[in-house]
2 protein chains.
Amino acid sequence: MSVNAREAILAEAKCAAQKHGYNGINFRNIAAEIGIKNASIYYHFASKASLGAAVANRYWQDTVQYLETIRSTSADAAEALTRYPTIFRKSLEDDNRLCLSSFMAAEYEDLPLEVKVEIQAFVDANVAWLSHVLSEKGTGSSEDYKKQALAIYTAVAGAQLVARTRQNTEIFDELIATYQQTGLIPIS
Amino acid sequence: MSVNAREAILAEAKCAAQKHGYNGINFRNIAAEIGIKNASIYYHFASKASLGAAVANRYWQDTVQYLETIRSTSADAAEALTRYPTIFRKSLEDDNRLCLSSFMAAEYEDLPLEVKVEIQAFVDANVAWLSHVLSEKGTGSSEDYKKQALAIYTAVAGAQLVARTRQNTEIFDELIATYQQTGLIPIS
DNA sequence: ACCTGAACACCGTTCAAGT
DNA sequence: ACCTGAACACCGTTCAAGT
């Protein structure tokens, strides 16, 4: 708690956002959880918007790092592509949480600008990574890779949403398998 | 307004839900919009949960009807499949609104049970319709149709979410085109 | 049958005040 | 440097009271 209140607030806020969305970030809950008063949060963050932006920023930066790990530990592009959905699967497994971005995409219109910017950065990072991996294994144009990358990201994020609704991780796996069988996600 | 307050409340609530989600349904706003006081809404609906469920119920029933229209006015299954995404496209065009279900999928964990039930009914109706259309044109097993139907629904709903984030209907069209090119959505 | 005013607890936010 | 109590406007909800 008191080692670093700022980090504790961030961690609680991230967890709340993955479970209930931006709207579910509750200052009084967070404060109670880490043993301070809700007014104290304002010493560390200027506003809920600012806290939300910090959470989203940390989130996509962590994701970029994880994506890099997948690439560097995969034998080839095909393996990296196959492992990509695990990012989304992990949050589902872990307490049925949602990718921050999927959540906030729904809430998007009502989000403060500074949060929108970070959410957009997350999507961009995913598409950039996927485009690069696709280009390593394919022969299409750069435009095609971008389109396919966005399509894969979209479908996988959608799968997380639907699977969460059913509270069933198997549905996520089946959806990914169907994407692979139909050819949306290349497998070899 | 006073011709039928109940219907006026439903209409306002639906619009709010498509723009801001269940959480964005605001009794004081709705009341002001139709010229009554927020306490009056409780005469027509027992709670916000009840109003939300009524909105979602009306929504999926309208969708079922629209899907039937697509089928009965399509020359064949392939045409019906091609026209399927228009349902999601229309709400985007119309003021950048979101399919109720995509919204509430994000909010799902926090939704009252009676609302969850209606959201699930919407997804089921879509999957049933898609399965049927797929079976009319294909030769796979019934299990395969269901899986592919859910995959198509998931990917199209995801496309709506992503396109909304970019406030750009073209992105929706490009995503659908990519789904068709890769084979997720059969085209002939 | 339909609507209202007043009150409740809850939440983001502010601010003057404490150590 | 970090935290707090008290107050504000906002929201879902209740309820006794109005026509």
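Keep in mind that what you see is a predicted model, and the values were worked out from it rather than measured. Chain A is the first sequence line, chain B the second, and so forth, proteins listed ahead of strands; every chain is numbered from 1.
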### Position toward the 5' end of DNA chain D (nearest nucleotide), A/Lys37 or A/Tyr43
A/Tyr43
### Query
How does DNA chain C look in dot-bracket notation if pairs are Watson-Crick or G-U with both distances under 3.5 Å, crossing ones as [ ], other-strand ones as |?
||.|||||...|||||.||
### Message
Give me each pair satisfying ring pair (Phe, Tyr, Trp, His ring centres under 6.0 Å) with a member in residues 104-138 of chain B, each pair once, sequence neighbours excluded.
### Response
B/Tyr59-B/Phe122, B/Tyr84-B/Trp129
### Query
Which residue pairs pass the ring pair (Phe, Tyr, Trp, His ring centres under 6.0 Å) test when at least one of the two sits in residues 28-57 of chain B, sequence neighbours left out?
B/Phe27-B/Tyr42
### Pairing residues for A/Arg28 by the salt bridge (charged side-chain N to carboxylate O under 4.0 Å, His left out) criterion, not counting sequence neighbours
none
### Task
List in chain and number order the residues that pass side-chain hydrogen bond (donor to acceptor under 3.5 Å, both in side chains) with B/Glu68, two or more places apart in sequence or in another chain; answer none if no residue qualifies.
none
### Query
Among pairs that include at least one residue of residues 163-173 of chain A, which meet salt bridge (charged side-chain N to carboxylate O under 4.0 Å, His left out), considering only residues two or more places apart or in two chains?
A/Arg89-A/Asp173, A/Arg166-B/Asp124
### Query
Think A/Ser40 has a side-chain N or O under 4.0 angstrom from the OP1 or OP2 of D/dC2?
no
### Query
Starting at CD1 of A/Ile41 and ending at P of D/dA1, how long is that distance when rounded to a whole Å?
20 Å
### Message
Could you check whether B/Arg58 pairs with B/Glu7 (Lys NZ or Arg NE/NH1/NH2 to Asp/Glu carboxylate O, under 4.0 Å)?
### Response
yes
### Task
Tell me, please, which residues at least two apart from B/Tyr153 pass side-chain hydrogen bond (donor to acceptor under 3.5 Å, both in side chains).
B/Ser101
If you restrict it to nitrogen or oxygen atoms, what contacts under 3.5 Å exist between nucleotides 11-15 of chain C and the protein, and what is each distance?
residue, atom, partner, partner atom, Å
C/dC11, OP1, A/Asn26, ND2, 2.7
C/dC11, O5', A/Asn26, ND2, 3.4
C/dG12, OP1, A/Ile25, O, 2.7
C/dG12, OP1, A/Lys48, NZ, 3.4
C/dG12, OP2, A/Phe27, N, 3.0
C/dG12, N7, A/Arg28, NH1, 2.7
C/dG12, O6, A/Arg28, NH2, 2.9
C/dT13, OP2, A/Tyr42, OH, 2.9
C/dT13, OP2, A/Lys48, N, 2.8
C/dT13, O5', A/Tyr42, OH, 3.0

### Query
Got a sec, which pairs hit salt bridge (charged side-chain N to carboxylate O under 4.0 Å, His left out) with one end in residues 134-155 of chain A, sequence neighbours left out?
A/Arg71-A/Glu136
